[in-house]
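Handing you this structure, nothing more for now.
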Amino acid sequence: MNIPFRPLALGLLFLGFSALVLSRAQAGGGHFYAPVTDPVVKEECGSCHLVYAPSMLPASSWTRMMGDLKNHFGSDASVDPDTARKISAYLTANAADQAGRRYSGKLMRGVSMVNAPLRITELPKWVREHREVAASEWKKPAVRSKANCAACHVDAERGYYED
């Protein structure tokens with residue numbers, strides 16, 4: 001009598017295992033942003049900070065940011081013109097209002113694509129998600145800044161921002 005149940009048990013075991021493995025790909029739903037794959041962007045941007053997913057800002061924000069690298073949030077992040085063009089092209093092509101829209105829907109809700117902020121930390125959804133974080137947390141040596149996503153989101157580099 002156990003034989004008819006064996007295929008069912010194996011099927012359920014397979015489904016459970018598949019759910020466990022595939023759940024990571026869907027973790028957080030609106031908390032996943034496809035990570036940067038371009039080696040130039042990873043090298044240049046990643047030499048100073050976490051390489052933020054282009055889908056976290058609209059193209060207009062990336063264009064404005066790349067247009068003033070000499071004043072990049074208090075630092076001079078200038079690169080040669082050819083490198084700047086390559087980085088800008090990648091960021092704008094994968095921005096929240098372009099190819100990255102698949103991942104950015106919830107993050108961009110209520111944000112003007114023309115006049116969006118330059119800082120991800122100024123987006124309404126980011127502010128809502130982090131409003132309960134005490135000001136003292138941002139000042140801890142391991143965190144130091146709201147822009148240091150990886151301090152709290154251990155898989156940020158891989159695109160996962162779920163707690």
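The basis for the numbers below is simple: all heavy atoms, side chains too, and nothing from hydrogens, waters or symmetry mates.
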Note to self: When you measure from the side chain of S61 to the backbone of P117, do you find a donor-acceptor pair of N or O atoms at a distance under 3.5 Å?
What the structure shows: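 Yes, the answer is positive, given that a donor and an acceptor are paired below the 3.5 Å cut-off.
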Notebook entry, point to check: What do the steps show when you test L118 against L57 for side chain to side chain contact (heavy atoms under 4.5 Å, CB included), and what is the final call?
Noted result: CA-CA 8 Å; L118 295 179; L57 288 171; 5.8 Å; no
Notebook entry, point to check: Is the backbone N or O of Y161 less than 3.5 Å from a side-chain atom of H153, with the two atoms forming a donor-acceptor pair by type?
Noted result: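 It does hold such a pair.
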Next item on the list: Using the side-chain contact (heavy atoms from CB on, under 4.5 Å) rule, pick out the option among H130, E129, R128, E122 that qualifies with W126.
Entry: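 Going through the options one by one, the only one that passes is H130.
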Checklist line | Student check: side-chain heavy atoms of L107 and Y33 closer than 4.5 Å | finding: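 SC-SC contact between L107 and Y33 confirmed.
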Next item on the list: Answer yes or no: does atom CZ of R64 have more than 12 heavy-atom neighbours from other residues, nucleotides or ligands under 6.0 Å?
Entry: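 Yes, CZ of R64 has more than 12 neighbouring heavy atoms, counting only those of other groups under 6.0 Å.
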Check: Does CD belonging to E157 count more than 12 external heavy atoms closer than 6.0 Å?
Finding: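 Counting other residues, nucleotides and ligands, CD of E157 stays at 12 neighbours or fewer.
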Checklist line | V36 versus P54, closest heavy-atom pair with distance | finding: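 Shortest heavy-atom contact: CG2-CD, 3.7 Å.
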Check: Which distance, rounded to the nearest 0.5 Å, do you find between the CE of M56 and the OG1 of T121?
Finding: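 Separation between the atoms: 10.5 Å.
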Next item on the list: Would you kindly confirm whether L50 and V154 end up in one hydrophobic cluster when ILVMFWY residues are joined by side chain heavy atoms under 4.5 Å apart?
Entry: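 No: no chain of side-chain contacts under 4.5 Å links L50 to V154.
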Notebook entry, point to check: Taking side chain as C-beta onward, heavy atoms only, is M113 less than 4.5 Å from M108?
Noted result: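 Yes, at least one pair of side-chain atoms sits under 4.5 Å.
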Check: Taking the side chain from S75 and the backbone from A77, do they hold a donor-acceptor pair closer than 3.5 Å?
Finding: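 Checking the backbone N and O of A77 against the side chain of S75, no donor-acceptor pair under 3.5 Å is found.
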Next item on the list: Work out which heavy atom in S55 is nearest to a heavy atom in Y103; give both atom names and the distance.
Entry: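 That would be OG-CB, 3.9 Å.
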Next item on the list: Taking T92 for its side chain and A59 for its backbone only, find out whether a donor-acceptor pair lies under 3.5 Å.
Entry: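 No; zero donor-acceptor contacts below 3.5 Å.
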Checklist line | With N71 via side chain to side chain donor-acceptor pair (under 3.5 Å) - residues at least two apart | finding: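 With neighbours one apart ignored, the set is D68.
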Next item on the list: May I ask you to decide if the ring planes of F32 and Y160 are parallel, tilted or perpendicular, using 30° and 60° as cut-offs?
Entry: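 Plane angle between 30° and 60°, so tilted.
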Check: Would you say the side-chain atoms of N115 pair up with the backbone N or O of S60, donor to acceptor, closer than 3.5 Å?
Finding: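 Checking the backbone N and O of S60 against the side chain of N115, no donor-acceptor pair under 3.5 Å is found.
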Note to self: For A142 versus A151, what's the shortest heavy-atom pair and its separation?
What the structure shows: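 What the structure gives for the nearest pair is O-CB, 3.5 Å.
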Notebook entry, point to check: Of all residues at least two apart in sequence or in a different chain, which pass the side chain to side chain donor-acceptor pair (under 3.5 Å) check with T37?
Noted result: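 For T37 the side chain to side chain donor-acceptor pair (under 3.5 Å) partners, ignoring immediate neighbours, are Y90.
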Note to self: For a 4.5 angstrom cut-off between non-hydrogen side-chain atoms, does Y52 reach C149?
What the structure shows: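 Counting from C-beta outward, Y52 and C149 do come under 4.5 Å.
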Next item on the list: Return yes if a side-chain donor-acceptor contact under 3.5 Å exists between T83 and D80, otherwise no.
Entry: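 Yes, D80 and T83 have a side-chain donor paired with an acceptor closer than 3.5 Å.
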Next item on the list: Enter the distance from C152:SG to K146:NZ here, rounded to the nearest 0.5 Å.
Entry: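 With rounding to 0.5 Å, SG (C152) is 12.5 Å from NZ (K146).
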